[in-house]
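Worksheet: one structure, shown below.
Quick caveat, the model's predicted, so the values are computed rather than measured.
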Amino acid sequence: MAAAQGRSSDGTGGMDDVKDTQAKEKGAGVPEVPSAFSSAVEALRNARLRPQVEVEPTPAPQRLAPYAHALEAVVLDGEQELADGRLVLLHDPAGHDAWHGTFRLVTLVRAELEPEMAADPLLPEVCWSWLTGALQSRGLTCGEPSGTVTRASSHYFGGLSERPPASQIEIRASWTPLEGRGGVPDTAAHLASWCDLLAQVGGLPPAAPGDGSVVTLPQRRGPQSR
């Protein structure tokens, strides 16, 4: 993944993919992308992010909404990956009953943990508080939040018995961002809060004072190099 140097990389390919897919589905020329969606994507590209988080565009799912833009990110400590994830911005100009809005953000965040930390019975609640706390710390309002927190442990046997046990935490979530002027949500702030979540899951200290009720778990171990 190319270094983002504290901000998201230019993702013109994501917009082209959306246009091409729309054209193929409708059997016509490239449709005009809604200005609200274009503005939301442009804000993602120009967001200023933590230098430890590398962000770049990735192909977006095409069946979840008429328009979509996706980013992937990794949290680095030197050469070690501490956490990684994916954030997808969805847009349906006609609105969506389940979203209660025209935009939706969908995310996957994951990191490896020490086995004893994964055994903490409060881990799922704590991880969910990291997500809600990251949004609240930047004053963001969102609707219809939903998601899951999954932890999994792997033990190796036979020819793999020399590998130490591994445990992973995975957060899958979605929420509806509050739409501002022109029906455009503050996607740059939502991306920054998502990067705060990634950093926290990866075990980095907060970049700014946050919610004091959010619990920090030590001794996290980053995913193995891909």
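- Closest heavy-atom contact between Ala192 and Leu49: CA-CD2, 3.9 Å.
- When all heavy atoms of Val106 and Ser174 are compared, the pair lying nearest together is CG2-CB, 4.0 Å.
- Of all non-hydrogen atoms in Val55 and Cys195, the two that sit nearest each other are CG2-SG, 4.2 Å.
- A continuous path of ILVMFWY side-chain contacts below 4.5 Å connects Phe103 to Val33, so both sit in one hydrophobic cluster.
- Rounding to the nearest 0.5 angstrom, the gap separating the CG atom in Asp92 from the CZ atom in Arg104 is 13.0 Å.
- Connection of Ile171 to Leu191 is established within a shared hydrophobic cluster, with ILVMFWY side chains joined at heavy-atom distances below 4.5 Å, either directly or through further cluster members.
- Using a 4.0 Å cut-off between charged side-chain N and carboxylate O, Arg138 and Asp196 make a salt bridge.
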Could you walk me through whether Val88 and Leu105 pass the side-chain contact (heavy atoms from CB on, under 4.5 Å) test, one step at a time?
CA-CA 6 Å; Val88 181; Leu105 284 162; over 6 Å; no
Thr107 vs Trp194, test: side-chain contact (heavy atoms from CB on, under 4.5 Å). Steps then yes/no.
CA-CA 9 Å; Thr107 185; Trp194 180 69; 2.5 Å; yes
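- With hydrogens and angles ignored, the 3.5 Å screen pairs a side-chain donor or acceptor of Thr132 with a backbone N or O of Ser129.
- Nearest approach of Pro93 to Pro34, heavy atoms of both residues: CG-CG, 3.8 Å.
- No chain of hydrophobic side-chain contacts below 4.5 Å, direct or via other Ile, Leu, Val, Met, Phe, Trp or Tyr residues, connects Val41 to Leu64.
- If you take OG1 on Thr150 and CZ on Arg110, they are separated by 12.5 Å, rounding to the nearest 0.5 Å.
- Here the CG-NE2 distance, from Leu89 to His69, works out to 7.5 Å after rounding to the nearest 0.5 Å.
- Cluster membership check: Val109 shares its hydrophobic cluster with Leu44, using side-chain heavy-atom separations under 4.5 Å among Ile, Leu, Val, Met, Phe, Trp and Tyr.
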Show the numbers, then the answer: is there a side-chain contact (heavy atoms from CB on, under 4.5 Å) between Leu204 and Arg50?
CA-CA 11 Å; Leu204 295 181; Arg50 294 182 60 147; 3.8 Å; yes
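- Put simply, the side chain of Thr176 gets close to the backbone of Trp99: a donor and an acceptor are under 3.5 Å apart.
- Within 6.0 Å of atom CZ in Arg86, more than 12 heavy atoms from other residues, nucleotides or ligands are found, so the atom counts as buried in its surroundings.
- When every heavy atom of Leu198 is checked against every heavy atom of Ala83, the shortest pair comes out as O-CB, 3.7 Å.
- In this structure, Leu123 is not a member of the same hydrophobic cluster as Leu108, with clusters built from ILVMFWY side-chain heavy atoms closer than 4.5 Å.
- When all heavy atoms are compared, the tightest approach of Pro145 to Trp175 is CA-CB, 4.2 Å.
- Distance NE2/His91 to OG/Ser38: 9.0 Å, rounded to 0.5 Å.
- With rounding to the nearest 0.5 Å, the separation of CD in Gln200 from OG in Ser137 is 8.5 Å.
- For the residue pair Thr148 / Arg172, no side-chain donor-acceptor distance below 3.5 Å is found, with atom types taken as modelled.
- Between atom CG of residue Leu135 and atom SG of residue Cys142 there is a gap of 5.0 Å, rounded to the nearest 0.5 Å.
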With side-chain contact (heavy atoms from CB on, under 4.5 Å) as the criterion, how do Leu140 and Leu178 come out once you've worked through the C-alpha distance, each side chain's angles and the decisive distance to 0.1 Å?
CA-CA 8 Å; Leu140 295 172; Leu178 179 67; over 6 Å; no
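- With no hydrogens or angles considered, a side-chain donor-acceptor pair links Thr102 and Glu179 at under 3.5 Å.
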